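Shown next, in C-alpha cells, is the structure this report addresses.
A note on names: the letters A, B, ... follow the listed sequences, proteins ahead of strands, and every chain is numbered from 1. These figures come from a predicted structure and were not determined experimentally.
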Protein chains: 2
Amino acid sequence: MTTRRDAVHDTLRKSEGFRSAQDVYAEMRLHGAKIGLTTVYRALQALADGGKVDVLRTDDGESVYRACATDTHHHHLVCRRCGRTAEVAGPAVERWAEMVGSEHGFTEITHTVEVFGTCASCSGPAKTR
Amino acid sequence: MTTRRDAVHDTLRKSEGFRSAQDVYAEMRLHGAKIGLTTVYRALQALADGGKVDVLRTDDGESVYRACATDTHHHHLVCRRCGRTAEVAGPAVERWAEMVGSEHGFTEITHTVEVFGTCASCSGPAKTR
DNA sequence: CGGATTTTGACAACCATTTTCATTTTGCCT
DNA sequence: AGGCAAAATGAAAATGGTTGTCAAAATCCG
C-alpha cells in the first residue's frame with residue numbers, strides 16, 4: 001500500500017525547492033487530496049529513510065523535504081529568497097571532509113554542506129528583501 | 001548589564017562540545033546560579049548574534065551552542081558519540097562554495113558545513129553505539 | 001466471506017522556544 | 001542622594017512543529 005506515499009512523493013516532485021511537511025499537506029488538500037497531516041509526516045519520513053527525498057533543517061528548526069533528481073550523493077545551492085534549488089556535486093569537499101576527519105583521528109566521517117545565496121532572478125529586479 | 005550574559009558565556013566555555021540552551025540552564029542551576037530559562041535563551045541568542053558563540057541544529061531540531069576559540073570563520077568536526085568538537089578551517093571549501101554559487105548566478109553566498117565522525121577515543125574502546 | 005494485519009487520521013500529548021507582562025534592576029539626569 | 005525612564009529579568013502561559021495514541025477503515029490472505 002503505497003498510494004498515499006506516492007501521492008506525497010509526487011507533490012514533492014512538482015515543487016522547485018524544499019517544502020515543509022505542513023506545506024505539502026496544505027498543497028495536497030488544496031488539490032482535493034484526502035489525506036491527514038499525520039500521514040504526510042509518516043510518508044515524508046519513510047521517503048527520507050529510503051533515500052528517496054533529501055531533508056534539511058531551516059534556520060527556524062523546520063524540516064524541509066525535496067525530491068532530488070539524482071540518488072547519488074550531492075549538496076544543495078538554495079536561493080534564500082525564492083527557494084529555488086540547484087543540486088551540486090563537490091568531489092573536492094568530500095575529500096576535504098575525509099581528510100580533515102582522519103587528520104584528527106575521526107572515523108566514519110559524514111558531513112552536511114549547504115550553500116545559500118540569492119539567485120539571479122531574485123537579486124536583479126527585487127530589492128533586498 | 002552583562003553579568004548574566006557573561007555567566008552564560010562562561011558556562012559555555014567550560015564545555016567541550018555543543019550544548020543546548022536547556023543544558024546550559026540546568027548546569028547553571030546545578031552550580032547554584034540564580035537565572036531563569038528565558039534569560040539563558042536570550043543570552044544565548046545575543047551571544048550568537050554578536051558572533052561570540054557558534055550555533056548549529058542537532059538532527060532533532062534542537063539549537064546547540066558553543067564558545068569557540070577563534071572568532072574567524074571556521075567549521076566544526078564533531079564526534080557523534082561524545083560530542084567533542086574540533087574547530088577546522090577549510091579555505092578550499094570557502095572557495096568552492098563561492099565558485100559553485102557564482103557559476104549558477106547566485107550572489108551573497110553563505111554556507112553551512114559541519115563534519116561528523118567518531119573520535120579516536122570513542123571508536124576504539126566503545127562498541128558501535 | 002472472515003478474521004488478522006496494516007494503514008490512516010483526528011486529536012491529544014510533547015517539548016523546545018517564544019511571548020507576555022509584571023517586577024526588579026540599572027542608567028542617567030538634576 | 002532622589003527619582004524616574006528604559007532595559008533586564010523570569011515565571012507562567014502561549015506557540016507551533018512534530019510525534020504518540022487509538023479506534024475506525026482499508027487491505028490481505030486463506
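- Taking the side chain of B:Arg42 as heavy atoms from C-beta on, and the options C:dT17, D:dG10, D:dG17, the nearest nucleotide is D:dG10.
- Between the C1' atom of C:dT6 and the CZ atom of A:Arg5 lies a distance of 13 Å, rounded to the nearest Å.
- Distances shown here put every side-chain N or O of A:Tyr41 at or beyond 4.0 Å from the OP1 or OP2 atom of D:dT19.
- The NZ-P distance, from B:Lys34 to C:dT25, rounds to 10 Å in whole Å.
- The nearest whole Å value for the distance from the CZ atom in A:Arg19 to the P atom in D:dT18 is 14 Å.
- One interatomic measurement links the two molecules: CD of B:Glu62 to P of D:dG16, which rounds to 20 Å at whole-angstrom precision.
- B:Gln45 and B:Tyr65 share no side-chain donor-acceptor pair at under 3.5 Å.
- Of the candidate nucleotides C:dT19, C:dT8, C:dT17, C:dT19 has the atom lying nearest to any side-chain atom of B:Thr38.
- Contact check, B:Gln45 against C:dT18: a side-chain N or O comes under 4.0 Å of OP1 or OP2.
- The distance from atom CZ of A:Arg57 to atom C1' of D:dG16 is 13 Å, rounded to the nearest whole Å.
- For B:Gln22, whose side chain is taken as the heavy atoms from C-beta onward, the closest listed nucleotide among C:dT8, D:dG10, C:dT17 is C:dT17.
- Rounded to an integer number of Å, the gap from OH of B:Tyr25 to P of C:dC15 is 17 Å.
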- Check step by step if ring-ring contact (aromatic ring centres under 6.0 Å, His included) holds for B:His111 and A:His76. CA-CA 10 Å; B:His111 58 275; A:His76 300 103; over 10 Å; no
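- The residue A:Ser63 sits close only to the backbone: its heavy atoms come under 4.0 Å of sugar-phosphate atoms, none of a base.
- Rounded to a whole Å, the OH atom of B:Tyr65 is 13 Å from the P atom of C:dA16.
- The shortest side-chain heavy-atom distance between B:Tyr25 and B:Arg19 does not fall under the 4.5 Å cut-off.
- Computed from coordinates, the A:Leu37 CG to D:dG17 C1' distance equals 9 Å when rounded to whole Å.
- Within a 6.0 Å sphere centred on CZ of B:Arg80, other residues, nucleotides and ligands contribute more than 12 heavy atoms.
- For the residue pair A:Arg66/A:Ser15, the side-chain donor-acceptor check at 3.5 Å is not satisfied.
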